[in-house]
Amino acid sequence: MLDVLSLARHTRYFNQTRSFLIFQRIRLLTLLLAVLQTGWVLVDQLLLPTQIQAPIALGRFVSGVALLALLFWYQRPYDLRFALARLFLLLAILSAFQTWSNLLLLDAGHMSAVAGYQFFPFMIVTMLAIFPLTIVEVSVVTAVVILVELVTQISTQRVGMIDEINDLWLLLVLGVIAGWAAVNQLSMLLGLYRQATRDALTGLANRRQVMEQLEGDVEYARERGESISILLFDLDKFKGFNDNYGHAAGDIVLKQFAKILRKQARGKRDLAGRFGGEEFLTILPGADGAAACIAAEEVCNSCRQTRVRIPSGEVVGFTTSIGIATLEPGESSSELLRRADEALYLAKARGRDGYRLAGAEDVDSAATAAKSVAEREPALLVD
Ligand SMILES: Nc1nc2c(ncn2[C@@H]2O[C@H](COP(=O)(O)OP(=O)(O)OP(=O)(O)O)[C@@H](O)[C@H]2O)c(=O)[nH]1
């Protein structure tokens with residue numbers, strides 16, 4: 001329920017997916033409505049009194065042009081604020097035309113029983129059903145449509161009449177039904193999104209999502225000249241651990257490690273994912289090398305302090321090695337990843353349980369620097 005109530009629990013990555021879906025649907029809808037809005041002028045010629053044909057045709061033309069402008073507004077299709085602004089503009093254009101045409105029709109003595117006009121507000125509210133929206137969003141949109149209808153009724157002094165009360169009631173009922181469909185869509189989208197993007201064992205982002213996001217985040221950081229760093233993790237001596245204690249014990253360690261990463265990548269902009277096997281990746285948008293090293297140190301410390309009970313009843317510890325890379329000017333996501341991989345290799349070569357920042361020749365983690373390889377504890381401990 002909380003998942004569909006508002007976007008508070010949605011990740012930045014899910015918001016991007018939802019925004020693009022809203023963007024696509026609005027484009028399809030604006031195209032259809034722009035054609036219908038202008039094409040309906042021919043129907044108006046048959047049904048409307050001559051004196052209001054011209055002003056209504058003008059209203060249709062203006063709203064048709066506004067819909068086309070919305071159709072060709074390509075800017076930031078993955079930004080949720082833009083997606084919701086688009087939805088709001090679509091409703092505003094349609095509501096403005098509805099109010100304009102209603103006033104003209106009433107002036108001409110029609111009590112809105114003209115084909116294509118009577119159902120206009122109902123069409124607007126029913127349209128909600130094709131968008132994946134939260135309960136809060138649906139409620140706001142329905143309330144706005146009802147408010148517009150109410151204001152129109154007040155301004156034409158029809159408020160309180162039985163037909164008008166019926167209209168408001170019907171709008172509310174349709175709002176609830178369409179809203180329910182919209183929330184259902186959101187819930188399905190969320191479910192499918194989670195299935196497609198999460199790693200089944202750890203619940204972190206899977207490799208596909210990590211790669212997609214890395215590409216997007218690197219491009220975004222490059223465009224804005226922002227820093228971005230990645231941390232590539234590999235659990236130490238994990239093969240030996242699996243061989244000694246079994247795959248099920250290994251899975252428990254992987255889950256525990258995922259918990260540590262999830263806790264560490266708390267910021268809305270960070271993403272922690274399982275890159276494959278016992279390799280994990282964290283994307284830290286906005287973080288420079290120093291901030292990434294602090295994050296790496298935190299993870300190393302958490303691993304050292306963590307103990308897990310495995311099915312045999314034994315309590316074990318584990319460590320990780322980390323390769324860090326910070327985006328350099330003009331670099332691509334695959335180059336960034338390659339440098340993190342090289343840094344990881346160096347961290348392993350320096351004795352594991354530590355991190356290495358790509359390009360920083362003499363910078364090692366405090367733990368690595370403090371201890372010689374010979375002094376180091378085994379990577380996987382058993383208490
Ligand atoms: N339990 C478990 N093990 C996995 C999973 N995926 C990969 N592994 C194991 O992870 C181990 C990877 O080991 P290696 O990459 O060879 O290296 P390592 O033993 O970790 O040694 P270093 O990386 O050099 O410290 C293999 O034994 C894989 O079977 C998984 O989902 N569950």
Side-chain angles (χ1 to χ4, degrees), residues 194-211 230-265 271-282 293 295-325 337-358 364-383:
R194 284 179 177 160
Q195 265 182 28
T197 58
R198 284 202 181 166
D199 169 56
L201 179 71
T202 62
L204 293 181
N206 62 16
R207 185 186 176 101
R208 200 176 97 195
Q209 194 194 7
V210 171
M211 291 305 285
I230 58 170
L231 273 58
L232 186 60
F233 306 86
D234 187 292
L235 291 180
D236 295 327
K237 299 186 179 169
F238 202 58
K239 186 176 178 330
F241 182 85
N242 268 331
D243 292 346
N244 282 341
Y245 304 110
H247 211 77
D251 283 357
I252 293 173
V253 170
L254 289 174
K255 282 193 220 170
Q256 189 58 42
F257 183 64
K259 265 191 202 165
I260 293 172
L261 290 192
R262 200 176 291 119
K263 203 169 147 208
Q264 191 265 328
L271 179 78
R274 186 172 177 199
F275 206 54
E278 25 72 272
E279 264 196 359
F280 294 79
L281 187 96
T282 297
C293 286
E297 187 65 48
E298 275 173 19
V299 174
C300 283
N301 281 335
S302 299
C303 290
R304 288 179 204 124
Q305 287 158 16
T306 303
R307 294 287 179 272
V308 286
R309 187 171 293 281
I310 56 175
S312 63
E314 289 160 292
V315 176
V316 299
F318 58 93
T319 60
T320 183
S321 301
I322 311 170
I324 307 169
L337 202 55
R338 184 188 51 75
R339 285 196 304 115
D341 199 33
E342 282 171 9
L344 173 62
Y345 178 80
L346 289 175
K348 288 271 181 193
R350 295 289 291 249
R352 301 181 175 82
D353 186 18
Y355 60 85
R356 180 89 185 186
L357 175 64
D364 287 311
S365 72
T368 312
K371 292 187 268 180
S372 72
V373 174
E375 287 171 328
R376 294 168 70 75
E377 295 165 13
L380 285 154
L381 310 164
V382 180
D383 284 355

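Because the structure is a prediction, the values reported are computed rather than measured. Remember, it's 1-based here, ligands and their atoms both numbered in the order they're listed.
Every ring-ring contact (aromatic ring centres under 6.0 Å, His included) that Phe257 has, sequence neighbours left out, goes to Phe233, Phe280. Contacts of Lys255 classified as side-chain contact (heavy atoms from CB on, under 4.5 Å), with partners at least two apart in sequence or in another chain: Leu201. Listed by chain and number, the residues in a side chain to side chain donor-acceptor pair (under 3.5 Å) with Arg338 are Glu342 (sequence neighbours excluded).
For ligand 1, the 4.0 Å heavy-atom shell takes in Asp234, Leu235, Asp236, Lys237, Phe238, Lys239, Asn242, His247, Gly250, Asp251, Leu254, Arg274, Gly277, Glu278, Lys348, Arg352, ordered by chain and residue number.
Using a 4.5 Å cut-off on side-chain heavy atoms (C-beta onward), Leu254 and Leu235 make contact.
Across all non-hydrogen atoms, the minimal contact from Arg356 to Ala347 is CB-CB, 3.9 Å.
Under a cut-off of 6.0 angstrom, the local environment of CZ in Arg208 is sparse, with at most 12 non-hydrogen atoms contributed by other residues, nucleotides or ligands.
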